[in-house]
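Some notes on the structure that comes next.
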Amino acid sequence: MHLLNVCRGLIALVLFILVNPFAAVAQPDLASRIEGLLIGGIIGDAAGGPDEFLDPVQSVWTSTDTVLTAEGIAQLRARFRLKPYTRRPYPESYAQWRADSPPGTITDDSRFKILFFNSLAETGRPDRLAFARALLAWRADTLGVYGTLPREWLDEFAYAARWELGERDPRIARPP
């Protein structure tokens with residue numbers, strides 16, 4: 001994940017927390033804080049997707065010791081806009097396999113979080129085998145709401161997942 005996406009996610013999280021009308025009523029519990037972190041990360045991923053693989057441009061907020069004030073938050077909120085993907089017919093999902101991925105190449109940071117939580121649903125804790133099974137299950141679901149994207153995105157990762165699950169046929173499994 002690019003520094004720009006991380007910054008956008010953190011800004012979105014701060015804005016979410018600060019403009020949340022319930023924030024002043026009570027301190028959030030751990031589950032609420034985790035949910036806010038995930039929402040902020042997903043917003044940052046969505047905001048940064050169209051700029052994925054651009055040269056990083058640092059915001060003044062990432063290179064200053066200035067305290068973020070209410071006025072500063074309002075300025076950030078006014079500048080925050082989701083940009084469209086400019087690559088047509090749709091962004092490619094193969095960025096990790098190309099040294100020259102063009103800007104706007106689709107981002108997969110949030111999708112990996114979804115896979116991780118799908119694996120947690122099986123075991124209740126981080127587990128590499130559960131993650132491999134979650135990855136292969138999502139990849140196989142081409143009739144779901146994501147259509148063929150899971151297969152296109154996870155083809156290369158499926159080799160390593162099968163290897164982790166004990167398959168050693170080099171036509172369908174390879175070491176991570």
Side-chain angles (χ1 to χ4, degrees), residues 1-13 16 30-59 62 82-176:
M1 182 191 294
H2 288 276
L3 175 62
L4 185 59
N5 283 353
V6 172
C7 292
R8 284 182 174 147
L10 291 175
I11 290 168
L13 177 59
F16 177 77
L30 180 59
S32 296
R33 291 169 47 198
I34 291 170
E35 181 182 19
L37 176 69
L38 291 171
I39 290 169
I42 290 169
I43 291 170
D45 198 25
D51 295 326
E52 190 87 358
F53 296 101
L54 280 176
D55 288 332
V57 178
Q58 288 194 331
S59 163
T62 64
L82 291 178
K83 294 169 37 178
Y85 279 97
T86 56
R87 310 234 3 246
R88 299 287 182 233
Y90 58 86
E92 294 180 21
S93 58
Y94 305 106
Q96 66 275 19
W97 310 118
R98 295 180 53 178
D100 62 342
S101 296
T105 301
I106 200 164
T107 176
D108 58 9
D109 305 320
S110 294
R111 287 182 274 158
F112 269 115
K113 289 177 185 116
I114 293 168
L115 283 174
F116 177 68
F117 280 99
N118 287 350
S119 72
L120 286 179
E122 178 186 332
T123 61
R125 61 180 177 75
D127 180 278
R128 67 184 175 84
L129 300 179
F131 186 82
R133 285 189 290 273
L135 186 147
L136 291 174
W138 202 16
R139 181 184 172 272
D141 182 17
T142 57
L143 300 177
V145 296
Y146 299 106
T148 60
L149 180 62
R151 183 170 297 280
E152 295 169 7
W153 167 56
L154 293 171
D155 271 350
E156 292 296 323
F157 294 101
Y159 286 103
R162 288 192 195 100
W163 184 275
E164 286 298 314
L165 293 172
E167 297 181 43
R168 297 297 188 262
D169 181 343
R171 291 173 293 178
I172 62 168
R174 305 233 169 85

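For this chain, numbers begin at 1 and follow the sequence in order.
- Between the side chain of D45 and the backbone N or O of S110 there is at least one donor-acceptor pair closer than 3.5 Å.
- The main-chain N or O of W163 is found under 3.5 Å from a side-chain atom of R168 such that the two form a donor-acceptor pair.
- In this structure, the side chains of F116 and P126 come closer than 4.5 Å at one or more pairs of heavy atoms.
- Taking OH from Y159 and CZ from R171, the interatomic distance works out to 11.0 Å, rounded to the nearest 0.5 Å.
- Of all non-hydrogen atoms in P176 and A160, the two that sit nearest each other are CA-CB, 3.8 Å.
- To the nearest 0.5 Å, the span separating CD1 on I39 from CD1 on I34 amounts to 12.0 Å.
- In this structure, CG in D141 is found 11.0 Å from CG in L154, a value given to the nearest 0.5 Å.
- Side-chain contact check for E164 versus F131: every heavy-atom pair is 4.5 Å or farther apart.
- Put simply, OG1 on T148 and CG on L143 are 10.5 Å apart, with the number rounded to the nearest 0.5 Å.
- Scanning all heavy atoms of the two residues, the minimum distance from A132 to A161 falls at CB-O, 3.7 Å.
- Ring pair F112/F157 is perpendicular by interplanar angle, where above 60° counts as perpendicular and below 30° as parallel.
- Atom CZ of R133 sits about 14.5 Å away from atom CZ of R162, to the nearest 0.5 Å.
- The structure places NZ of K113 at 12.0 Å from CG of L115, a figure rounded to the nearest 0.5 Å.
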